[in-house]
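The first residue in the sequence is number 1, and the count goes up from there.
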Amino acid sequence: MSTASESYSSTYDFIIAGGGLAGLSLAYYLSQSSLENAKILIIDQSEKKENDKTWCFWEAQPNAFDEIVRQKWNGVWFHGSRNFSQFLPIDEYQYKLIRSADFYQFIYKAISRKNNINILIDKVLSVEKDIDNKPQVKTVKGIYKASQIVFDSTFRSPYTDTQYSQMLQHFKGWVIETDEPSFDETKPTMFDFNVEQNDECRFVYVLPYSKTKALVEYTIFSDNLLEDSVYDNELKDYITHQLKITHYRIEEVEKGVIPMSDEPCIQIPDHGIVRIGTSGGYVKASTGYSFTRTQRILKNLVRDLERAKGNFDSFEKEKKAWRKGTYIPNWKALLDSILLDVMLKNRHSSKDIFTCLFSKNRPVQILKFLDEDTSLLEDLAIMHTVPIIPFLKSAFVVIFRKIGNFLR
């Protein structure tokens with residue numbers, strides 16, 4: 001693997017524009033596949049060294065990154081409405097935490113022995129076709145062409161089409177450390193809705209690293225962002241009054257905004273260009289979860305590429321639907337749209353909806369549901385445990401809206 005200080009050729013088999021979660025995961029899976037000798041260029045505007053985000057997810061089986069899992073738990077706290085407050089075992093699942101700094105280091109180490117994989121530190125200006133209909137990436141330093149595919153994770157949809165539900169998951173978290181034992185490192189809090197909701201979906205989660213160190217994160221699902229000071233004040237208030245901690249040090253800060261939208265995503269916008277990650281619609285619309293979905297989609301994508309022997313034209317034949325986007329949603333996408341509409345229109349308290357889901361069903365079943373691993377009958381049984389009238393209203397609105405969008 002070569003770095004930014006070395007020289008670069010102008011043409012590669014594959015170019016990965018954006019070296020975040022999706023881009024680096026794809027590079028890793030390609031390096032472990034029958035395409036391991038393909039000439040690959042990864043372009044990102046910065047070297048990934050700092051811990052800029054934390055990924056939490058649940059799974060029943062080991063994954064490729066198990067050795068860098070910072071924490072894992074066999075159950076989670078849930079604090080909701082109707083005085084429901086309970087530690088929930090999650091059976092065969094484990095709730096896992098990976099720090100981005102560890103992830104970046106793991107990927108760089110895994111591909112460091114690959115002379116065919118280059119990393120360029122540069123700003124991506126555009127991803128487009130050249131005059132010969134081949135994909136290319138323009139950067140501040142030059143133009144780089146792909147003989148087969150550019151995988152683009154830098155594109156950002158504006159998500160402004162009012163014919164669809166447009167929400168945001170926005171959050172700010174502090175890793176705090178205390179002098180005295182303040183946390184039970186075996187019991188994370190996945191949802192604590194005991195904060196002012198302001199007619200939105202607001203909650204805090206607490207992920208303990210040790211008895212004296214934890215990530216405390218304040219999260220909101222809404223269609224508007226807040227002033228930075230609001231997140232700080234909410235975190236201070238929660239730590240002081242809910243966790244009963246008065247003396248602590250802020251070791252790290254992370255914040256972010258994740259789109260929650262049912263607007264169709266065009267994954268193949270042009271010949272030889274494939275969008276991945278958030279750019280490719282990998283984020284689950286109704287919850288903002290992306291880590292597990294990203295890994296699942298990318299592993300399937302690499303398997304398809306292997307069958308196509310890395311050739312874009314052969315690959316595209318299997319992915320015709322990606323060019324149009326999901327204008328006719330599948331069942332799972334329809335459920336996402338309905339829940340989005342319920343939350344966006346505030347048809348019922350989001351706090352109460354999540355409480356119903358976790359208190360009236362086996363927690364492991366809800367985790368499977370959120371991972372889209374449940375059957376149609378299981379989905380219907382779960383939906384029967386939430387307030388029916390608000391969801392029927394949203395279902396009516398969403399279905400007719402989808403029909404109208406398809407016909408227009």
Side-chain angles (χ1 to χ4, degrees), residues 13-38 40 42 55 57-66 93 96 98 103 106-107 110-111 117 135 146 148-153 155 262 264-269 271-336 367-376:
D13 297 314
F14 304 124
I15 297 178
I16 299 174
L21 172 64
L24 291 180
S25 295
L26 175 59
Y28 174 78
Y29 292 129
L30 285 170
S31 74
Q32 305 296 308
S33 74
S34 61
L35 300 170
E36 62 178 333
N37 294 318
I40 299 171
I42 304 168
W55 296 296
F57 55 98
W58 51 87
E59 60 185 1
Q61 302 296 328
N63 67 60
F65 313 115
D66 256 8
Y93 278 82
K96 299 180 178 182
I98 289 180
F103 175 82
F106 174 87
I107 298 295
I111 65 177
I117 300 179
Q148 292 301 332
I149 303 174
V150 171
F151 298 99
D152 182 15
S153 66
F155 171 80
D262 62 351
C265 182
I266 300 175
Q267 294 177 303
I268 300 181
H271 185 271
I273 299 172
V274 177
R275 291 175 181 159
I276 61 173
T278 302
S279 303
Y282 291 8
V283 176
K284 185 169 175 61
S286 61
T287 63
Y289 288 122
S290 63
F291 187 89
T292 302
R293 284 168 62 90
T294 296
Q295 304 310 318
R296 182 181 300 176
I297 294 170
L298 289 177
K299 282 189 278 190
N300 289 335
L301 185 150
V302 170
R303 280 195 288 268
D304 289 342
L305 283 171
E306 287 182 301
R307 285 196 291 269
K309 301 187 185 306
N311 180 273
F312 174 76
D313 293 325
S314 298
F315 169 78
E316 190 191 22
K317 289 178 182 177
E318 296 188 13
K319 300 295 178 186
K320 287 280 185 192
W322 286 19
R323 187 177 289 278
K324 295 181 179 178
T326 316
Y327 288 101
I328 304 178
N330 60 31
W331 168 246
K332 300 292 187 181
L334 180 62
L335 293 181
D336 279 339
L367 298 185
K368 289 180 180 178
F369 175 70
L370 294 175
D371 261 352
E372 301 181 348
D373 284 336
T374 43
S375 67
L376 173 61

Revision key, fill the gap. Here the gap from Thr294 atom OG1 to Leu21 atom CG, rounded to the nearest 0.5 Å, amounts to 5.0 Å
Exercise for review: Taking side-chain hydrogen bond (donor to acceptor under 3.5 Å, both in side chains) as the test, write out the residues that go with Tyr93, two or more places apart.
Suggested key: none
Review point. Partners of Ser31 by side-chain hydrogen bond (donor to acceptor under 3.5 Å, both in side chains), sequence neighbours excluded?
Key: none
Revision key, fill the gap. In this structure, CD1 of Ile149 is separated from CZ of Phe315 (nearest 0.5 Å) by 5.5 Å
Point to revise | Side chain proximity check, Thr374 to Lys332, heavy atoms < 4.5 angstrom | key: yes
Review point. Roughly how far, to the nearest 0.5 Å, is CD1 of Ile107 from CD1 of Ile117?
Key: 10.0 Å
Practice item. Mind checking side chain to side chain contact (heavy atoms under 4.5 Å, CB included) for Val302 and listing every partner two or more places apart, or none if nothing turns up? Key: Leu26, Tyr29, Leu30, Ser33, Glu306
Study note, to complete from the structure: side-chain hydrogen bond (donor to acceptor under 3.5 Å, both in side chains) filter on Lys299, not counting sequence neighbours, yields none
Check your understanding: Rounded to the nearest 0.5 Å, how far does CD1 of Ile273 lie from CD1 of Ile266?
Key -> 12.0 Å
Review point. From Arg303 CZ over to Ser34 OG, what is the distance, rounded to the nearest 0.5 angstrom?
Key: 12.0 Å
Review point. Heavy atoms, side chains only, cut-off 4.5 Å: are Ile276 and Gln267 in contact?
Key: no
**Study point:** Residue pair Phe106 / Leu24, side-chain heavy-atom distance below 4.5 Å
**Key:** no
**Study point:** Minimal non-hydrogen separation, Gln148 against Pro135, with atom names
**Key:** O-CG, 3.9 Å
Review point. Do you know which two heavy atoms are closest between Val283 and Ser290, and how far apart they sit?
Key: CG2-CB, 4.0 Å
Check your understanding: Residues two or more places apart in sequence or in another chain: which of them pass salt bridge (charged side-chain N to carboxylate O under 4.0 Å, His left out) with Arg296?
Key -> Asp373
Practice item. Answer yes or no: is there a side-chain heavy-atom contact under 4.5 Å between Ile42 and Ile111? Key: yes
Check your understanding: Do Gln61 and Asp66 have side-chain heavy atoms sitting under 4.5 Å apart?
Key -> no
Check your understanding: Who are the salt bridge (charged side-chain N to carboxylate O under 4.0 Å, His left out) partners of Lys368, not counting sequence neighbours?
Key -> Glu92
Study note, to complete from the structure: Sorted by chain and residue number, the salt bridge (charged side-chain N to carboxylate O under 4.0 Å, His left out) partners of Lys309 (sequence neighbours excluded) come out as none
Study note, to complete from the structure: For Ser314 and Ala308, the nearest pair of non-hydrogen atoms, with its separation, is CB-CB, 3.7 Å
Point to revise | Residue pair Lys96 / Asn63, side-chain heavy-atom distance below 4.5 Å | key: yes
Review point. Mind checking what makes ring-ring contact (aromatic ring centres under 6.0 Å, His included) contact with Phe151, not counting sequence neighbours?
Key: Phe14
Check your understanding: Atom CZ of Phe369 and atom OG1 of Thr287: how far apart are they, to the nearest 0.5 Å?
Key -> 10.0 Å
Practice item. Can you sort out the partners of Ser279 under side-chain hydrogen bond (donor to acceptor under 3.5 Å, both in side chains), two or more places apart, ordered by chain and number? Key: Arg156
Practice item. Could you pull out all residues at least two apart from Glu36 that satisfy salt bridge (charged side-chain N to carboxylate O under 4.0 Å, His left out)? Key: Lys114
Check your understanding: Which heavy atom of Ala22 sits nearest a heavy atom of Gly277, and at what distance?
Key -> CB-CA, 3.5 Å
Study note, to complete from the structure: salt bridge (charged side-chain N to carboxylate O under 4.0 Å, His left out) pairs touching residues 279-295, sequence neighbours excluded, are Lys284-Asp336, Lys284-Glu372, Arg293-Glu372
Check your understanding: Any idea which heavy atoms bring Gly23 and Ile16 closest together, and the distance?
Key -> CA-CG2, 3.5 Å
Practice item. Specify whether Tyr28 and Phe65 have parallel, tilted or perpendicular ring planes, treating 30° as the upper limit for parallel and 60° as the lower limit for perpendicular. Key: tilted
Exercise for review: Can you sort out the partners of Tyr289 under ring-ring contact (aromatic ring centres under 6.0 Å, His included), two or more places apart, ordered by chain and number?
Suggested key: Trp58
Check your understanding: Aromatic rings Phe291 and Phe103: how do their planes relate, parallel, tilted or perpendicular, breaks at 30° and 60°?
Key -> perpendicular
Check your understanding: Stepwise, does the side-chain contact (heavy atoms from CB on, under 4.5 Å) test hold for Asp13 with Leu35?
Key -> CA-CA 10 Å; Asp13 297 314; Leu35 300 170; over 6 Å; no
